[in-house]
2 protein chains.
Amino acid sequence: MTDIKSGVNLLFLREEELRQGIELLYFAYRDFTAEPDAILSDYGFGRAHHRVIYFVGRTPGITVSELLATLRITKQSLSRVLSQLVAEGFITQTPGLRDRRQRLLQLAPKGVELERQLTEKQRARIARAYREAGAEAVEGFRKVMLGLIDEGDRRRFPARAMDQRKRGQG
Amino acid sequence: MTDIKSGVNLLFLREEELRQGIELLYFAYRDFTAEPDAILSDYGFGRAHHRVIYFVGRTPGITVSELLATLRITKQSLSRVLSQLVAEGFITQTPGLRDRRQRLLQLAPKGVELERQLTEKQRARIARAYREAGAEAVEGFRKVMLGLIDEGDRRRFPARAMDQRKRGQG
DNA sequence: CATATATGTCAACATGACTGACATAAAATC
DNA sequence: GATTTTATGTCAGTCATGTTGACATATATG
């Protein structure tokens with residue numbers, strides 16, 4: 001069993017393993033976005049609005065160009081959803097202090113509420129997966145996911161503070 | 001340091017950890033799809049074509065309804081890209097043996113080649129991330145990702161055969 | 001003053017999702 | 001054999017979200 005076929009088997013396992021990786025990403029992302037999408041459609045919004053609301057909520061005072069770099073979409077694509085969100089009172093903008101050309105964006109109360117509602121679903125899904133998989137698995141998950149992300153964006157994820165279980169062991 | 005604030009800190013860490021989880025998924029998926037997207041545009045295809053080509057390649061003889069269930073899109077959305085792929089000779093169809101209403105789909109040589117080209121990019125990205133993270137991390141990654149996926153689709157991922165390093169230890 | 005930067009806006013277009021209705025052929029069932 | 005269900009196709013219309021390219025404005029910087 002481990003003599004002639006083992007080389008072939010290893011190649012097969014590797015191919016199978018990598019394909020499963022591709023599919024894990026596909027299905028996880030598909031299911032991860034489905035719940036928020038359903039909520040958004042009640043507001044006449046789509047996934048693009050979600051992304052804007054999320055990152056503005058995450059980074060209050062973010063500028064338009066920072067948002068563009070994060071989302072990697074064009075000015076026009078962003079402009080459409082952003083101006084909608086501002087017009088409908090989900091996002092407010094104030095001129096930059098040092099650079100008054102900038103529009104510093106933040107969530108209005110309405111936006112905070114929608115963001116909470118949307119993120120709650122995703123947070124719950126992740127929390128459940130983390131809980132069921134255990135702390136060690138979560139570290140592995142983070143490691144692999146970071147490796148999948150383009151190098152420039154990895155700095156968005158500072159090394160995690162040690163949790164209670166590990167404190168003092170490292 | 002661990003007296004009054006620890007409860008608050010734990011909550012904060014948890015919130016931060018979950019938000020990072022959300023963002024890991026967002027950025028990983030964004031970067032994971034960017035390379036294939038670029039190739040596809042040379043053919044006048046989009047991400048929807050990729051998904052069809054991928055799953056037909058992965059499951060030769062898949063039927064239209066199985067594909068619909070996998071992709072969770074409507075008949076019409078699938079029909080558009082699928083008929084394009086058939087018309088341009090990337091996918092062939094043969095009637096089902098037991099049920100002749102079915103169209104059993106498989107990749108034509110042209111489709112095999114395009115699939116290879118597209119998947120290669122993603123495979124390489126995953127292989128690198130797996131290699132850099134190590135076998136243990138990969139297991140954790142799999143565990144968490146599976147937990148993120150809706151229960152019904154988890155059966156697509158049979159338990160992984162033990163690799164050489166672990167064989168005989170379990 | 002000249003230039004670069006941050007942002008906005010307009011027009012035009014492509015992709016890929018949706019709904020709803022209707023059609024056909026084959027299978028399954030009564 | 002007649003009816004119903006299933007697998008699939010197709011048409012028409014709509015929407016969300018991405019694209020490009022060109023041009024405008026206000027502000028910052030050299």
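To find a chain, count down the sequence lines: A is the first, B the second, and so on, and within it residues start at 1. Below, each value reflects all heavy atoms present in this structure, side chains not excepted, and no hydrogens, waters or symmetry copies.
Residue A:T74 places at least one side-chain N or O under 4.0 Å from the OP1 or OP2 atom of D:dT19. In this model, the phosphate group of C:dC18 is approached by a side-chain N or O of B:S77 to a distance below 4.0 Å at OP1 or OP2.
A search for side chain to side chain contact (heavy atoms under 4.5 Å, CB included) contacts involving A:E132 returns A:R128, not counting sequence neighbours. Listed by chain and residue number, nothing satisfies the side chain to side chain donor-acceptor pair (under 3.5 Å) test with B:Q106 (two or more places apart in sequence, or in another chain). A search for side chain to side chain donor-acceptor pair (under 3.5 Å) contacts involving A:R58 returns B:E16, B:E23, not counting sequence neighbours. Every residue two or more places apart in sequence or in another chain was checked for a side chain to side chain donor-acceptor pair (under 3.5 Å) with A:R51, and none qualifies. Remark: B:R80 pairs with no residue by the side chain to side chain donor-acceptor pair (under 3.5 Å) rule, at least two apart or across chains.
Summarising the geometry, the separation between CD1 on A:I73 and P on D:dT20 is reported as 12 Å, rounded to the nearest angstrom. In this structure, A:L71 places its CG atom 8 Å from P of D:dG18, rounding to the nearest Å. Going from atom CG of B:L67 over to atom P of C:dA17 covers 12 Å, rounded to whole Å. Straight-line distance from the CG atom of A:L78 to the P atom of C:dA6: 15 Å, rounded to whole Å. Protein atom CZ of A:R72 is 17 Å distant from nucleotide atom C1' of D:dT19, rounded to whole Å. Here C:dT7 presents its C1' atom at 12 Å from CD of A:Q76, a figure rounded to the nearest Å. Atoms CZ (B:R30) and P (D:dT17) sit 18 Å apart, rounded to a whole Å.
Within the structure, ring pair (Phe, Tyr, Trp, His ring centres under 6.0 Å) pairs that include any residue of residues 70-89 of chain B do not occur (at least two apart or interchain). The list of ring pair (Phe, Tyr, Trp, His ring centres under 6.0 Å) pairs with a residue in residues 55-95 of chain B, not counting sequence neighbours, reads A:Y26-B:F55, A:F27-B:F55, B:F45-B:F90.
A:I73 contributes atom CD1, which lies 7.5 Å from atom CG of A:L67 (distance to the nearest 0.5 angstrom).
Contact check for B:V112 versus B:E115: no side-chain heavy atoms found under the 4.5 Å cut-off.
The residue among B:R80 and B:E66 whose nearest nucleotide of DNA chain D lies closer to the 5′ end is B:E66.
Remark: B:G44, B:G46, B:R47, B:A48, B:H49, B:R51 in residues 33-64 of chain B come within less than 4.0 Å of DNA chain C through at least one heavy atom.
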Indicate for each nucleotide in nucleotides 23-30 of chain D, in 5' to 3' sequence, whether protein heavy atoms under 4.0 Å reach the base (B), only the sugar-phosphate (S), or nothing (-). ---BBS--

